[in-house]
Amino acid sequence: MTIFQFPQDFMWGTATAAYQIEGAYEEDGRGLSIWDTFAHTPGKVFNGDNGNVACDSYHRYEEDIRLMKELGIRTYRFSVSWPRIFPNGDGEVNQEGLDYYHRVVDLLNENGIEPFCTLYHWDLPQALQDAGGWENRRTIQAFVQFAETMFREFHGKIHHWLTFNEPWCIAFLSNMLGVHAPGLTNLQAAIDVGHHLLVAHGLSVRRFRELGTSGQIGIAPNVSWAVPYSTSEEDKAACARTISLHSDWFLQPIYQGSYPQFLVDWFAEQGATVPIQDGDMDIIGEPIDMIGINYYAMSVNRFNPEAGFLQSEEINMGLPVTDIGWPVESRGLYEVLHYLQKYGNLDIYITENGACINDDVVNGKVQDDRRISYMQQHLVQVHRAIHDGLHVKGYMAWSLMDNFEWAEGYNMRFGMIHVDFRTQVRTPKESYYWYRNVVSNNWLETRR
């Protein structure tokens with residue numbers, strides 16, 4: 001038996017996102033988001049699923065916070081629905097939307113659970129998309145207005161803020177690969193979107209400082225780790241592109257004031273350039289306090305000129321996979337945490353990590369042993385990084401409960417709590433009880 005003891009101030013938690021759990025998509029003045037439009041478009045989401053009801057957490061947040069309290073977590077990462085606050089993206093504030101988040105945040109604080117707020121988890125107001133979305137610099141100012149409203153409203157109540165969740169998904173998965181809303185397939189659009197959201201991030205951080213908002217602020221990229229299939233320079237370069245587009249494309253401008261030149265050159269060969277205006281890079285470089293890291297899987301990649309715009313092909317190595325098809329190889333988390341030390345010994349929170357395991361309720365119980373194994377393996381890697389001296393401050397399991405899994409609809413389950421989407425009955429899984437034990441002990445036990 002081996003015991004892995006975590007620091008006393010380590011922040012154990014879970015995470016969710018507004019569109020994935022809240023539902024109530026037409027209630028209390030909420031406007032439509034690009035995900036409402038996308039999910040209601042035939043063929044975009046598995047089985048025609050949508051987030052109209054999702055987990056109905058808008059009405060059931062008290063029950064969900066009770067389950068968090070029983071889990072024993074110290075922090076809960078949630079996101080704010082932008083169109084609940086500004087139904088048209090900017091302009092007039094919807095007070096009913098603000099009131100909802102005050103109720104949630106107040107109840108979290110009353111239960112000793114630190115609110116960890118993500119401002120943008122993909123639900124751009126449709127009204128802004130109609131005017132060009134993130135390709136239009138007007139959206140930058142709209143986001144800053146939204147962020148400032150949240151900073152003013154929740155000063156002293158929320159002490160951890162993230163501007164954007166997974167900027168690679170916002171830019172490339174959604175605007176180059178077309179898998180997520182708004183579903184575009186244009187490289188230049190993806191690069192424009194990525195740059196504009198970084199400017200919005202920097203301006204929001206600047207406003208956070210000017211307002212004297214309490215707490216810390218950062219951003220949460222979804223990072224990847226790719227190992228070359230062979231020792232060939234082409235395979236190594238393919239992996240470098242894969243790793244850097246997820247992390248360095250967004251973090252290097254923040255920490256070092258420039259985009260990775262090898263990727264700038266790569267995109268230029270494909271006719272796409274970064275739309276930098278005077279002052280943009282200074283804005284993007286506003287100092288931040290911490291970063292969130294979303295990590296799920298490591299891959300083995302090789303160069304393939306037919307493998308999309310990065311020409312980086314993932315190879316099936318016969319590893320165990322989760323039910324969404326992602327290989328289970330926890331070493332990548334350890335490697336990428338060290339890789340990010342190029343930007344300094346950062347304060348890092350693991351803001352998402354978890355496994356899609358589609359086990360169902362049998363005799364009132366969900367025996368999701370594969371999820372427990374996945375979490376255990378990855379927590380050992382977190383412990384290794386802390387032992388090495390890295391400032392990993394917390395871990396937030398994805399996800400608190402099964403929810404609307406974007407383009408996969410309700411077909412894929414990441415939760416530690418099973419949700420019956422017909423009845424909304426919540427059933428804690430065995431992973432919930434396992435994680436509760438880890439949190440309570442503040443240490444992890446592994447056996448041979």
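All of these numbers come straight from a predicted model, not from anything done at the bench. Counting begins at 1 with the first residue of the sequence.
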Mind telling me whether [Y] and [X] have parallel, tilted or perpendicular rings, with 30° and 60° as the class edges?
X      : Y      : answer
Phe78  : Tyr101 : parallel
Phe146 : Trp82  : parallel
Tyr61  : Tyr100 : perpendicular

message: Taking the six-membered ring for Trp, are Trp398 and Tyr296 closer than 6.0 Å centroid to centroid?
response: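 Judged by ring-centre distance (under 6.0 Å), Trp398 and Tyr296 do not meet the cut-off.
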- request: State yes or no: are the ring centers of Trp225 and Tyr334 separated by less than 6.0 Å?
  value: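 No: the rings miss the under 6.0 Å criterion.
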- request: Evaluate whether atom OH of Tyr229 has more than 12 neighbouring non-hydrogen atoms of other residues, nucleotides or ligands under 6.0 angstrom away.
  value: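 Open: at most 12 neighbouring heavy atoms sit under 6.0 Å from OH of Tyr229.
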message: Looking at Gln261, I'd like to know if its CD atom is crowded, meaning that more than 12 non-hydrogen atoms belonging to other residues, nucleotides or ligands lie closer than 6.0 Å.
response: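 Yes, the 6.0 Å shell around CD holds more than 12 heavy atoms from other groups.
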- request: Write out all pairs satisfying salt bridge (Lys or Arg N to Asp or Glu O under 4.0 Å) with one or both partners inside residues 346-359, taking only residues at least two apart or from two chains.
  value: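 For residues 346-359: Arg77-Glu352.
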message: Considering only residues two or more places apart or on different chains, which pairs with a residue in residues 396-407 satisfy salt bridge (Lys or Arg N to Asp or Glu O under 4.0 Å)?
response: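 Passing the test, one end in residues 396-407: Asp402-Arg413, Asp402-Lys429.
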Could you tell me whether the side chain of [X] and the main chain of [Y] form a donor-acceptor pair under 3.5 Å?
X      : Y      : value
Thr118 : Tyr120 : no
Arg426 : Gln424 : yes
Asp49  : Tyr410 : yes
Asn175 : Ile170 : yes

I want to check something: taking the side chain as every heavy atom from C-beta on, are [X] and [Y] in contact at a cut-off of under 4.5 Å?
X      : Y      : result
Leu71  : Leu67  : no
Phe116 : Tyr76  : no
Asn353 : Asn294 : no
Trp168 : Trp249 : no
Glu313 : Phe303 : no
Thr139 : Leu124 : yes
Ile254 : His201 : yes

Salt-bridge criterion met for Asp36 and Arg30 (N-O under 4.0 Å):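 Between Arg30 and Asp36 there is a salt bridge, with a charged N closer than 4.0 Å to a carboxylate O.
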- prompt: Does the cation-pi check pass for Arg241 over Trp266, that is, NZ or CZ under 6.0 Å from the six-membered ring centre and within 45° of its axis?
  reply: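 Yes, Arg241 sits over the ring of Trp266.
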task: Verify ring pair (Phe, Tyr, Trp, His ring centres under 6.0 Å) between Phe143 and Phe164, making sure each step is shown before the conclusion.
output: CA-CA 11 Å; Phe143 180 80; Phe164 291 96; 4.6 Å; yes
